[in-house]
Q: 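Encoded as structure tokens, here's the structure I'll be asking about.
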Amino acid sequence: MTRTGERVVASRLRTPPWIARIETPDGRVLGAGVLLAPERVLTAGHVVSPGHRYTVRLVGVPGLDAVAATVRPEEHVPQREDTFGDRSGDLALLRLAAPLPAAHTTRLYRLAAPHGPVSMYGFPDGDDGGRWHGATLVAARGRDSQVQLRPLSPGELAAPGFSGGGVVDHATDQVIGIVLSVDEGPGSAFSYMSPTETILSHLPQAAAWTDGAEAVDPRLRTGTGPAAGRLDVPFATELASWFRGEGWPVLVTVVPARGDRAWTLQRAVTLADRELRTHRNTSAVSHDPPETVPPAGAHDLALDVQGLTAAEVMDRIAERLGIRDDPRPERLGTLRVPLAAVLVAVDRAADPDALLALLDRLAREGARLLLAFRGPGGPAIRAADTLVHRPLRDRWTRLHAELDRITDELGPALEDRRHRVLPAPGSRALLAQAEAGVRRSRIMRAWIAHAPGQEHEPARAALLFTFEAAAGRRRRRLERAIGLLDDRLRRREELLGRVGAEWPLCRQRAAAHGDRVVAAYRLYEHAMSQLRQTPCDIERAESATERFVGFCSTPATTVTPEEEGAS
């Protein structure tokens with residue numbers, strides 16, 4: 001049994017042997033599928049239905065006959081929409097009437113956060129041989145964690161004939177999911193993929209044909225560790241908030257090995273995992289407060305690190321992210337979606353200080369970290385200070401400095417230039433926005449200075465992020481506005497130099513013609529008055545300068561309108 005095989009660059013030159021074309025008995029193409037076992041093909045649920053007969057053909061393997069296939073009701077997961085319009089399911093496992101060669105099968109692969117280029121194979125209308133399309137994984141969507149695929153070009157949007165086709169990750173050369181659907185209507189720009197772990201949550205039997213590390217350590221799953229406990233509602237609410245991406249990206253907490261907090265953490269980790277979150281366990285928490293239930297696909301890895309070295313932890317993270325060639329923390333900065341990891345028993349690691357140093361580097365690269373310590377001692381305190389309190393204070397300090405620069409440096413600089421030169425007609429809206437940004441920044445600075453202390457707590461960090469984004473936009477707008485006015489001031493200096501250099505030459509050439517001297521002087525004075533006016537209107541000054549220079553370059557025998565007016 002093979003995996004995906006050659007590097008994607010090479011394999012895209014041919015039809016993959018594991019791609020299945022699914023047809024009606026009379027030969028009409030319905031969609032695509034992935035041959036996982038000699039007698040099993042994975043496809044999208046809307047391609048097939050129980051009670052009907054189909055044929056499956058491996059178009060990439062010459063000489064093989066089509067094989068009859070059916071789907072059982074228990075292996076068909078129809079697409080459903082919840083009250084929020086989020087889609088789920090849409091998966092099916094076909095059973096073949098006769099086995100196909102095992103050498104042509106492939107396997108699914110678990111991969112964490114979507115962050116790179118992929119290829120998909122399908123059968124667009126009129127192309128029964130199929131073709132590759134390129135796309136980029138964007139982000140998970142909805143409660144079923146279906147992943148958006150952005151085509152590399154408009155012509156590569158997945159058509160209906162791609163439904164059920166395998167999606168191959170370029171970094172690992174593995175099949176990481178299947179195509180489900182396409183945005184409907186004109187101007188649609190996305191298709192959607194069900195990732196491997198979501199497939200397994202609906203069709204757990206597909207685990208027999210799946211590789212790749214599971215996201216959740218077995219010791220952290222509900223029902224495998226401490227006996228079931230009572231829900232710690234405040235703690236569950238705090239955990240769910242972190243899983244939703246709220247507050248400061250690093251949460252440091254103390255969770256003993258047993259008890260209600262341990263069970264509450266296991267519950268949250270299980271519900272936040274694509275593969276482990278099923279209808280059964282979501283039904284079990286249906287009566288819990290909704291604010292205690294985390295979204296599916298909210299973490300990439302949940303690991304009990306007791307006894308592990310920092311290098312072993314980084315290797316596990318790299319494996320989940322599909323980083324094989326260079327498993328360093330710096331690689332996280334290149335990901336489209338930040339790492340979200342839950343690490344438990346951090347103070348029981350082989351070397352807690354070395355692990356803390358690694359976690360600090362991961363956090364600096366944008367990772368979201370939920371760190372559970374077994375005891376409230378020194379390691380937990382150092383982690384909270386290093387990864388939460390100190391960087392949070394530094395961010396507020398930098399925000400203060402940014403607001404000070406906006407209000408005390410850039411704002412006055414803009415006002416100074418506005419007094420010296422008028423803006424270009426097309427930039428007046430920008431300058432108005434820049435000036436308004438200075439006023440709003442003064443208000444923001446005053447609010448921050450007098451805000452209650454709890455507004456600076458880690459749980460309220462979203463407010464800090466909002467302020468930082470607003471201050472950054474205002475600073476960039478001010479810098480752009482100042483740059484535009486500086487360009488006009490430089491143009492004014494150029495015009496002054498041009499008029500000043502031209503006047504002696506013009507006066508010398510016009511000396512023999514008294515009337516021309518008078519006319520030239522009047523045009524010179526008019527140009528200089530426009531250039532010295534405050535604020536200077538550059539367009540009017542340029543016009544006056546051009547009239548003066550044009551007059552000076554006109555032969556004395558030619559009478560210009562300016563000369564007639566001057567005389």
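Since this is a predicted model, take the numbers as computed values, not measurements.
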Q: Do you see a donor-acceptor pair shorter than 3.5 Å between the side chains of T397 and D394?
A: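 There is no such pair (donor and acceptor under 3.5 Å, judged by atom type) between the side chains of T397 and D394.
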Q: If you apply the rule side chain to side chain contact (heavy atoms under 4.5 Å, CB included), what do you find for W248 with L392, and how did you get there?
A: CA-CA 8 Å; W248 188 249; L392 185 59; 3.5 Å; yes
Q: Tell me the closest heavy-atom pair linking A471 and L403, and the distance in Å.
A: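 In terms of heavy atoms, the two residues are closest at CB-CD2, 4.1 Å.
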Q: Work out which heavy atom in A135 is nearest to a heavy atom in M120; give both atom names and the distance.
A: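 Scanning both residues completely, I find the closest heavy atoms to be CB-CE, 3.6 Å.
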Q: What pairs with E479 under salt bridge (Lys or Arg N to Asp or Glu O under 4.0 Å), at least two apart in sequence or on another chain?
A: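 Checked E479 against salt bridge (Lys or Arg N to Asp or Glu O under 4.0 Å); matches are R405, R475.
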Q: Only counting residues at least two apart or in another chain, list the ones meeting side-chain contact (heavy atoms from CB on, under 4.5 Å) with P352.
A: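 Counting only residues at least two positions away or on another chain, P352 forms no side-chain contact (heavy atoms from CB on, under 4.5 Å).
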Q: Answer yes when R492 and E539 have at least one side-chain N-carboxylate O distance shorter than 4.0 Å, and no when they do not.
A: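 Between E539 and R492 there is no salt bridge, as every charged N stays at least 4.0 Å from the carboxylate O atoms.
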Q: Below 4.5 Å, heavy atoms only, C-beta onward: do L410 and I482 meet side chain to side chain?
A: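 Yes. Closest side-chain heavy atoms under 4.5 Å.
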Q: Identify, with sequence neighbours excluded, every residue that meets salt bridge (Lys or Arg N to Asp or Glu O under 4.0 Å) alongside E457.
A: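 Testing E457 for salt bridge (Lys or Arg N to Asp or Glu O under 4.0 Å), a comparison that skips the adjacent residues, returns none.
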Q: What is the minimum heavy-atom distance between T386 and P391, and which atoms define it?
A: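 In this case the closest contact between T386 and P391 is O-CD, 3.2 Å.
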Q: Any donor-acceptor pair under 3.5 Å linking the side-chain atoms of H133 with those of S119?
A: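 No, no side-chain donor-acceptor pair sits under 3.5 Å.
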Q: Between T196 and Y109, do the side chains contain a donor N or O and an acceptor N or O under 3.5 Å apart?
A: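 There is no such pair (donor and acceptor under 3.5 Å, judged by atom type) between the side chains of Y109 and T196.
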Q: Do any side-chain atoms of residues 422-436 form donor-acceptor pairs under 3.5 angstrom with protein atoms, and if so which ones, sequence neighbours left out?
A:
{"from": "S427", "atom 1": "OG", "to": "A424", "atom 2": "N", "distance (Å)": "3.3"}
{"from": "S427", "atom 1": "OG", "to": "A424", "atom 2": "O", "distance (Å)": "3.0"}
{"from": "E435", "atom 1": "OE2", "to": "R418", "atom 2": "NH1", "distance (Å)": "2.9"}

Q: Hey, are D360 and R364 close enough for a salt bridge, meaning a charged N less than 4.0 Å from a carboxylate O?
A: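 A salt bridge is present here (some side-chain N lies under 4.0 Å from a carboxylate O).
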Q: Just how far is it from atom CG of L301 to atom CG of L321, taken to the nearest 0.5 Å?
A: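 Taking CG in L301 and CG in L321, the distance rounds to 8.5 Å.
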Q: Under 4.0 Å between a side-chain nitrogen and a carboxylate oxygen: does that hold for E468 and R398?
A: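 No, no charged N to carboxylate O under 4.0 Å.
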Q: So, does T466 use its side chain to make a donor-acceptor pair with the main chain of A462 at under 3.5 Å?
A: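 Yes; at least one donor-acceptor contact below 3.5 Å.
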Q: With side chains defined as the heavy atoms from C-beta onward, is the minimum distance between V118 and T136 less than 4.5 Å?
A: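 Side chain of V118 against side chain of T136, heavy atoms only: no contact under 4.5 Å found.
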Q: Calculate, to the nearest 0.5 Å, the distance between atoms CG and NE2 belonging to L137 and H170 respectively.
A: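 Nearest 0.5 Å value for the CG-NE2 distance: 9.5 Å.
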Q: Residues two or more places apart in sequence or in another chain: which of them pass ring-ring contact (aromatic ring centres under 6.0 Å, His included) with F467?
A: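 Expected list: W447.
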Q: Rounded to the nearest 0.5 Å, what separation is found between the CG atom of L111 and the CD atom of Q174?
A: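 Here the rounded value is 9.0 Å.
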Q: Donor-acceptor pair, R320 side chain versus D300 backbone, under 3.5 Å?
A: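 Side chain of R320 to backbone of D300, a donor-acceptor pair under 3.5 Å: yes, one is there.
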Q: The criterion is side-chain contact (heavy atoms from CB on, under 4.5 Å); which residues satisfy it with E502, sequence neighbours excluded?
A: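 Applying side-chain contact (heavy atoms from CB on, under 4.5 Å) to E502 gives R509, F548, V549, C552.
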Q: Just jot down the side-chain contact (heavy atoms from CB on, under 4.5 Å) partners of Q530, sequence neighbours excluded, or say none.
A: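 Q530 satisfies side-chain contact (heavy atoms from CB on, under 4.5 Å) with H526, Q533, R540, A541, A544 only.
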Q: What are the two closest non-hydrogen atoms of D169 and P117, and how far apart are they?
A: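 Taking every non-hydrogen atom into account, OD1-O, 3.9 Å.
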Q: Ignoring hydrogens and angles, tell me if any N or O in the side chain of D90 forms a donor-acceptor pair with the backbone of A44 under 3.5 Å.
A: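 Looks like no, no N/O pair under 3.5 Å.
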Q: Can you check whether E455's main-chain N or O pairs, donor with acceptor, with R460's side chain at less than 3.5 Å?
A: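 Not a single qualifying donor-acceptor pair exists.
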Q: Distance check, rounded to the nearest 0.5 Å: M444 atom CE versus I448 atom CD1?
A: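 M444 atom CE to I448 atom CD1 measures 6.0 Å (nearest 0.5 Å).
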Q: Give me the one residue out of R490, R498, R491 that meets side-chain hydrogen bond (donor to acceptor under 3.5 Å, both in side chains) with E494.
A: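 For E494, the side-chain hydrogen bond (donor to acceptor under 3.5 Å, both in side chains) test succeeds with only one of R490, R498, R491, which is R491.
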Q: List in chain and number order the residues that pass side-chain contact (heavy atoms from CB on, under 4.5 Å) with E415, two or more places apart in sequence or in another chain; answer none if no residue qualifies.
A: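 So E415 forms a side-chain contact (heavy atoms from CB on, under 4.5 Å) with H419.
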Q: Got a second to check how far Y192's OH is from L180's CG, nearest 0.5 Å?
A: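 Spacing of OH (Y192) from CG (L180) equals 11.0 Å.
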Q: Would you say the side chain of V167 lies within less than 4.5 Å of the side chain of I178, judging by non-hydrogen atoms?
A: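 Not in contact.
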Q: Got a second to check how far D537's CG is from E542's CD, nearest 0.5 Å?
A: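 With rounding to 0.5 Å, CG (D537) is 9.5 Å from CD (E542).
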Q: Report the residues that fulfil salt bridge (Lys or Arg N to Asp or Glu O under 4.0 Å) with E319, sequence neighbours left out, ordered by chain and then residue number.
A: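 Residues passing salt bridge (Lys or Arg N to Asp or Glu O under 4.0 Å) with E319: none at all.
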Q: Under the salt bridge (Lys or Arg N to Asp or Glu O under 4.0 Å) test, which residues partner R390, sequence neighbours left out?
A: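 Partners of R390 by the salt bridge (Lys or Arg N to Asp or Glu O under 4.0 Å) criterion, ordered by chain and then number, come out as D385.
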Q: Given D273 and H299, is the side chain to side chain contact (heavy atoms under 4.5 Å, CB included) satisfied, shown in steps?
A: CA-CA 7 Å; D273 182 62; H299 65 71; 3.8 Å; yes
Q: Compare all side-chain heavy atoms of L362 with those of I317 and state whether any distance is below 4.5 angstrom.
A: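 Answer yes - side chains close enough.
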Q: How far apart are the closest heavy atoms of Y121 and I19, and which atoms are they?
A: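 Looks like CD2-CG1, 3.7 Å.
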Q: Before giving the answer on side chain to side chain contact (heavy atoms under 4.5 Å, CB included), spell out for F243 and V342 the whole-Å C-alpha distance, their side-chain angles and the decisive distance to 0.1 Å.
A: CA-CA 10 Å; F243 280 118; V342 180; 3.9 Å; yes
Q: Mark yes or no for whether R417, through its side chain, and A413, through its backbone, hold a donor-acceptor pair below 3.5 Å.
A: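 Confirmed, R417 side chain pairs with A413 backbone.
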Q: Hey, could you give me each pair passing ring-ring contact (aromatic ring centres under 6.0 Å, His included) that has a residue in residues 471-508? Not counting sequence neighbours.
A: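 As it turns out, the ring-ring contact (aromatic ring centres under 6.0 Å, His included) pairs with a partner in residues 471-508, which skip direct neighbours, are W503-Y521, W503-Y524.
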Q: Considering all heavy atoms of both residues, which atom of D173 and which atom of V168 are nearest to each other, and what is their separation?
A: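 For D173 versus V168, the nearest heavy atoms are C-CG1, 4.0 Å.
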Q: What pairs with H456 under ring-ring contact (aromatic ring centres under 6.0 Å, His included), at least two apart in sequence or on another chain?
A: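 In terms of ring-ring contact (aromatic ring centres under 6.0 Å, His included), with neighbours along the sequence ignored, H456 is linked to W396.
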Q: Could you walk me through whether R445 and T407 pass the side chain to side chain contact (heavy atoms under 4.5 Å, CB included) check?
A: CA-CA 9 Å; R445 186 172 62 174; T407 58; 2.9 Å; yes
Q: Any chance the side chains of S241 and E246 put a donor and an acceptor closer than 3.5 Å?
A: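 A pair is found: one side chain offers a donor N or O, the other an acceptor, under 3.5 Å apart.
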Q: Report yes if some heavy atom in the side chain of R274 is under 4.5 Å from a heavy atom in the side chain of P195; otherwise report no.
A: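 A side-chain contact under 4.5 Å exists here.
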Q: Using a 4.5 Å cut-off on heavy atoms from C-beta on, say whether the side chain of L387 contacts that of L356.
A: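 Answer yes - side chains close enough.
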